[in-house]
Amino acid sequence: MEKNLLLAADVSALSDDTLYEAAYARTSAERREKTDRYRFRRDRNASLGAEQLLRRALELLGIREYAYSCGKAGKPYVAGRDDVCFSLSHSGSFVLCAVSEHEIGADIECVKSANMKIAERFFCKEEYEHIAAQETEEARQALLFRYWTLKESFLKATGLGLHLPLNQFEVVLNNEIAVVQNVDECSYFFREYDGVPGCKCAICTEDAPFAAELQMVEIRDCL
């Protein structure tokens, strides 16, 4: 079976204490420890929801028994399964889970005001100038968060995370999305997805084929 899935869910329902406890009981010890460190309930909901979404994705691929481990820079993976890679992300009340046979990074960001100071400080000069050149605030918002999700997905695909500064590689938006980087000699491919209200979603993978669509699921169905 082809192991390419992209799932998203709204975890707002986990604000219900009964559902939260049900999710907590099904969650790994590692994720519980991470969840408990969050101060705000919204972040704890997202943390628990992300693992439940991963569990659902793996079940759809016929994988019901698994354990986690961590690789370079702390990137998690499914222990003993070189053929299964995954990436998790959350923003606001939404969580995103990508599963692939190849190294992959996924990111979701809720679109809000375009903070140009952040873009100027952290993005490449060319990326910042492209955003600043947009004529409206709405256009600047959309482009800033396009760049943000694409760059974050690349960081996750490499396994480096924020160990690699955002301005040390450039995302180029032409007919096809490309990345100019000196991290490794791999070829990376990007894809963007609609379907999550008010959010931008993107994946980056070492292999071009990937899920054609993002699937929205009910977090209740993951419990």
Side-chain angles (χ1 to χ4, degrees), residues 5-61 63-70 74-78 84-100 104-115 118 138 141-142 144-146 148-153 155-156 161-162 192-203 211 213-223:
L5 279 176
L6 185 65
L7 305 182
D10 185 340
V11 298
S12 298
L14 294 181
S15 294
D16 178 275
D17 289 342
T18 301
L19 286 179
Y20 182 91
E21 292 301 327
Y24 195 88
R26 287 170 50 91
T27 299
S28 65
E30 294 85 355
R31 175 63 66 166
R32 288 185 189 180
E33 182 179 347
K34 181 177 182 179
T35 298
D36 290 342
R37 290 198 298 266
Y38 285 115
R39 177 181 178 185
F40 298 108
R41 178 64 175 267
R42 182 186 69 177
D43 296 324
R44 296 198 297 271
N45 290 347
S47 181
L48 290 183
E51 182 164 313
Q52 301 313 309
L53 196 59
L54 172 61
R55 181 188 296 274
R56 177 61 174 162
L58 294 177
E59 287 176 348
L60 290 172
L61 295 171
I63 303 170
R64 296 185 179 276
E65 299 293 333
Y66 57 90
Y68 297 117
S69 189
C70 289
K75 183 177 181 180
Y77 64 92
V78 178
V84 179
C85 300
F86 70 88
S87 182
L88 302 172
S89 180
H90 62 83
S91 182
S93 66
F94 293 101
V95 294
L96 185 71
C97 172
V99 178
S100 175
I104 189 166
D107 191 60
I108 181 171
E109 298 291 341
C110 294
V111 177
K112 47 192 175 184
S113 297
N115 190 327
I118 289 180
E138 183 178 5
Q141 286 178 344
L144 187 152
F145 283 95
R146 276 193 72 193
W148 195 277
T149 54
L150 291 165
K151 290 173 80 69
E152 287 281 353
S153 69
L155 290 175
K156 293 180 179 181
L162 293 179
E192 297 173 287
Y193 295 86
D194 297 319
V196 181
C199 295
K200 296 289 185 182
C201 302
I203 63 98
E213 296 181 355
L214 179 153
Q215 301 177 46
M216 289 292 298
V217 302
E218 293 289 337
I219 198 64
R220 294 172 183 268
D221 295 338
C222 300
L223 304 178

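Below, all heavy atoms of this structure are taken into account, side chains as well, without hydrogens, waters or symmetry copies. Numbering starts at 1 and runs along the sequence shown.
- Applying the side-chain contact (heavy atoms from CB on, under 4.5 Å) criterion to S87, with sequence neighbours excluded, gives I104, A106, K156.
- Partner of L7 under the side chain to side chain contact (heavy atoms under 4.5 Å, CB included) criterion, chosen from L54, V95, L60, V99: L60.
- Under the 3.5 Å distance criterion, the side-chain polar atoms of R32 are matched with a main-chain donor or acceptor of A25.
- Distance CG/L6 to SG/C201: 7.0 Å, rounded to 0.5 Å.
- Residues satisfying the side chain to side chain donor-acceptor pair (under 3.5 Å) criterion with D107, sequence neighbours excluded, are S89.
- Distance SG/C97 to NE2/H90: 13.0 Å, rounded to 0.5 Å.
- The heavy-atom pair separating F145 from C110 by the smallest distance is CE2-O, 3.7 Å.
- Summarising the geometry, atom CD1 belonging to I108 is positioned 14.0 Å from atom CD1 belonging to I203; distances are rounded to the nearest 0.5 Å.
- With sequence neighbours excluded, the residues forming a salt bridge (Lys or Arg N to Asp or Glu O under 4.0 Å) with R146 are E192, listed by chain and number.
- Residues satisfying the side chain to side chain donor-acceptor pair (under 3.5 Å) test with R55, not counting sequence neighbours, are none.
- In this structure, Y38 OH and L48 CG are separated by 10.5 Å, a value rounded to the nearest 0.5 Å.
- The salt bridge (Lys or Arg N to Asp or Glu O under 4.0 Å) search around E138 returns none, not counting sequence neighbours.
- In terms of the side chain to side chain donor-acceptor pair (under 3.5 Å) criterion, residue partners of E109 (sequence neighbours excluded) are, by chain and number, W148.
- Residues forming a salt bridge (Lys or Arg N to Asp or Glu O under 4.0 Å) with R37 (at least two apart in sequence, or on another chain): E33.
- Under the salt bridge (charged side-chain N to carboxylate O under 4.0 Å, His left out) criterion, the residue pairs touching residues 43-54 are R31-E51, with sequence neighbours excluded.
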Sequence neighbours left out, cut at 3.5 Å: what donor-acceptor pairs do the side chains of residues 8-16 make with other protein atoms?
from, atom 1, to, atom 2, distance (Å)
D10, OD1, S12, N, 2.9
D10, OD1, S12, OG, 2.7
D10, OD1, S93, OG, 3.2
S15, OG, S12, O, 3.2
S15, OG, N45, ND2, 3.3
D16, OD1, T18, N, 3.0
D16, OD1, L19, N, 3.0

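- One distance of note links NZ of K34 with OG1 of T27; it measures 12.0 Å at 0.5 Å rounding.
- Using a 4.5 Å cut-off on side-chain heavy atoms (C-beta onward), Y193 and T149 make no contact.
- Separation of atoms CG (L96) and CG (L53) is listed at 7.5 Å; rounding is to 0.5 Å.
- In terms of the salt bridge (Lys or Arg N to Asp or Glu O under 4.0 Å) criterion, R42 has no residue partners (sequence neighbours excluded).
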Which pairs of donor and acceptor atoms, one on a side chain in residues 214-223, lie under 3.5 Å apart (sequence neighbours left out)?
none

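- Partners of Y24 under the side chain to side chain donor-acceptor pair (under 3.5 Å) rule, at least two apart in sequence or in another chain, are D36.
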